[in-house]
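Computed from a predicted structure; not experimentally measured.
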Amino acid sequence: MDTKILKGIDVSLKVKKDLSVIIKKLALKDVIPSLAAIIVGDDPASKLYVSSKAKAFSKLSCHSEVFSLPSDTTKQNLIKFIEDLNDNPKFHGILLQLPLPKHLNEKEILKTIAPNKDVDGLHPENQGYIMQGDPQFISCTPYGCIKILEYYNINTNGKDVVVIGRSNLVGKPIASLLSQNFNYGNATVTICHTKTKDLNFYTRNADIIIAAVGVPNLINKNMIKNGAHIIDVGINRIDDNTKDKGYKVVGDVDFDDVLGKASSITPVPGGVGVMTVTMLLSNTVQAAIKQAKII
Ligand code: NAD
């Protein structure tokens with residue numbers, strides 16, 4: 001069987017094309033969707049993520065500012081910084097780049113972002129809305145996965161979906177979205193995790209697998225059924241001496257191994273990652289619309 005490669009870039013271009021129409025309408029009313037991105041410390045990967053997000057914003061004539069705080073920022077100072085941004089009408093969205101330095105409790109800090117500016121969808125209020133089937137801001141990676149399924153017309157209705165991973169960032173929200181009574185929902189969803197006794201049993205029976213684990217090449221062709229659709233969220237670095245950098249980036253699924261057996265798969269890189277940044281833009285535009293009370 002030919003395995004279709006579900007390229008994130010094609011989906012991203014479609015979403016951005018739709019967004020650019022809305023952004024132009026907003027500009028006519030002097031509203032420029034604006035994001036405040038906070039980065040604490042100098043983790044190089046986090047810096048790279050934030051700069052790629054900022055680039056995507058400027059390409060679509062949206063505004064973003066990066067606020068870099070020192071790694072020894074206290075909880076009180078970080079919360080005060082966030083509260084000032086909550087009250088600052090210049091910014092429609094606030095992104096707190098994770099992970100935070102160890103002395104800061106992520107859950108405690110995320111709760112201080114105003115829910116109507118929580119464009120990363122990590123505030124408990126926004127995660128609760130998803131559980132209730134009334135999403136406000138959907139966290140960007142799960143939202144990107146849904147957009148990929150939608151764009152490539154991968155029907156989830158009545159399908160058996162296995163989500164591997166149960167993080168608040170990816171696993172739990174995507175599992176909740178896919179099980180709701182929505183278009184691109186209505187699936188029978190099983191969540192697998194580190195304590196799952198026989199991962200194979202579940203993945204082998206799945207019509208759709210969403211892998212959000214962080215273990216390189218965990219899933220191979222013996223673990224999937226013929227014709228399965230695979231969304232690979234994982235981003236893992238593995239050593240590769242043939243590359244200048246000394247490593248390459250792979251997903252949680254052994255891409256080459258499943259080719260020919262899976263119906264479709266998102267590549268890593270070039271799949272879900274592209275969509276995460278795009279959906280941050282989408283959420284920020286949505287926040288601008290709500291806050292400006294227009295359209
Ligand atoms: P996490 O570490 O918070 O969660 C990983 C989950 O995988 C846990 O719930 C754990 O129970 C489960 N798990 C770990 N090992 C397992 C195993 N052997 N079998 C079954 N389950 C296992 O990670 P996360 O933040 O959810 O991210 C998961 C992966 O997705 C990482 O590789 C991360 O880099 C990537 N990610 C990608 C994007 C993107 O834009 N593409 C965004 C966020 C995260």
Side-chain angles (χ1 to χ4, degrees), residues 8 11-12 15 19 33 35-39 45-46 49-50 52-53 56-57 64 82 86 91-100 105-151 156 161 163-180 182-185 187 189 191 193 210-214 231-235 252 266 268 271-290:
V11 194
S12 170
V15 173
L19 281 177
L35 174 79
I38 308 168
I39 180 161
S46 294
Y49 285 137
V50 168
S52 76
K53 286 167 187 171
F57 270 67
S64 69
I82 290 172
N86 287 342
F91 296 106
H92 305 108
I94 301 171
L95 164 88
L96 180 63
Q97 184 63 45
L98 303 177
L100 292 176
N105 179 319
E106 289 180 356
K107 279 191 189 159
E108 201 179 345
I109 307 286
L110 284 168
K111 266 196 273 194
T112 66
I113 296 176
N116 69 335
K117 292 193 175 185
D118 172 40
V119 287
D120 226 3
L122 296 176
H123 189 287
E125 190 173 308
N126 284 317
Q127 299 222 318
Y129 275 123
I130 292 179
M131 284 299 293
Q132 292 195 343
D134 180 25
Q136 304 294 314
F137 289 114
I138 302 173
S139 35
C140 304
T141 304
Y143 200 1
C145 295
I146 297 288
K147 286 286 173 189
I148 289 174
L149 293 169
E150 199 181 295
Y151 180 86
T156 55
V161 175
V163 175
I164 318 169
R166 57 178 166 188
S167 69
N168 289 334
L169 188 64
V170 193
K172 276 190 272 188
I174 189 75
S176 179
L177 287 163
L178 288 169
S179 61
Q180 304 278 354
F182 295 154
N183 274 340
Y184 297 93
V189 181
I191 303 179
H193 45 75
I210 316 269
V213 191
I231 305 290
D232 191 353
V233 181
I235 298 178
D252 294 335
T266 55
V268 180
V272 176
V274 187
M275 288 308 296
T276 298
V277 181
T278 305
M279 299 327 290
L280 178 67
L281 255 167
S282 174
N283 279 347
T284 307
V285 169
Q286 191 193 328
I289 291 169
K290 280 190 187 166

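Rounded to the nearest 0.5 Å, atoms CD (Q97) and CD1 (I38) are 11.0 Å apart. Distance check, rounded to the nearest 0.5 Å: CG of L96 to CG of L122 gives 9.0 Å. Remark: F137 CZ to M279 CE distance equals 12.0 Å, nearest 0.5 Å. Distance check: L149 CG to I231 CD1 gives 4.5 Å after rounding to the nearest 0.5 Å. In this structure, CG on N126 lies 4.5 Å from CG on D118, to the nearest 0.5 angstrom. Remark: I94 CD1 to N86 CG distance equals 4.0 Å, nearest 0.5 Å.
Proximity of T284 to F57: side-chain heavy atoms (C-beta onward) are separated by under 4.5 Å at one or more points. Contact of the S282 side chain with the C140 side chain is not registered, since no non-hydrogen atoms from C-beta on lie closer than 4.5 Å. The side-chain heavy atoms of D252 and V233, taken from C-beta on, include no pair separated by under 4.5 Å. With contacts defined as side-chain heavy-atom distances shorter than 4.5 Å, the pair P135/Y143 does not qualify.
The backbone N or O of Q136 sits less than 3.5 Å from a side-chain atom of Q286, completing a donor-acceptor pair. Checking side-chain atoms of N283 against main-chain N and O of I138 turns up a donor-acceptor pair under 3.5 Å. A donor-acceptor pair under 3.5 Å links the side-chain atoms of K117 to the main chain of F91, judged by distance alone. Formation of a donor-acceptor pair under 3.5 Å by the D120 side chain with backbone atoms of S139 is not found in this model.
When all heavy atoms of E106 and L100 are compared, the pair lying nearest together is OE2-N, 3.0 Å. The heavy-atom pair separating S12 from T278 by the smallest distance is OG-OG1, 2.8 Å. Looking at every heavy atom in both residues, G8 comes nearest to M275 through O-SD, 3.7 Å. The minimum heavy-atom distance linking T156 with G185 is given by the pair OG1-O, 2.7 Å. Of all heavy-atom pairs spanning I113 and H123, the tightest one is O-CD2, 3.1 Å.
With a 6.0 Å radius and a threshold of 12 heavy atoms from other residues, nucleotides or ligands, Y49 has its OH atom at or below the threshold. Around CG of N183, the count of heavy atoms belonging to other residues, nucleotides or ligands within 6.0 Å does not exceed 12.
Considering only residues two or more places apart in sequence or on other chains, P124 meets the side chain to side chain contact (heavy atoms under 4.5 Å, CB included) condition with K111. Scored by the side chain to side chain contact (heavy atoms under 4.5 Å, CB included) test, V268 finds D232, V249 as partners (sequence neighbours excluded).
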### Message
Could you go through V119 and H92, starting from their C-alpha distance and side-chain angles, then the distance that decides it, and tell me whether this counts as side chain to side chain contact (heavy atoms under 4.5 Å, CB included)?
### Response
CA-CA 9 Å; V119 287; H92 305 108; over 6 Å; no
Could you go through residues 168-178 and list every donor-acceptor pair under 3.5 Å that involves a side-chain atom there, pairing it with any protein atom two or more places apart or in another chain?
| from | atom 1 | to | atom 2 | distance (Å) |
| --- | --- | --- | --- | --- |
| N168 | OD1 | K172 | NZ | 2.9 |
| S176 | OG | Q180 | NE2 | 3.3 |

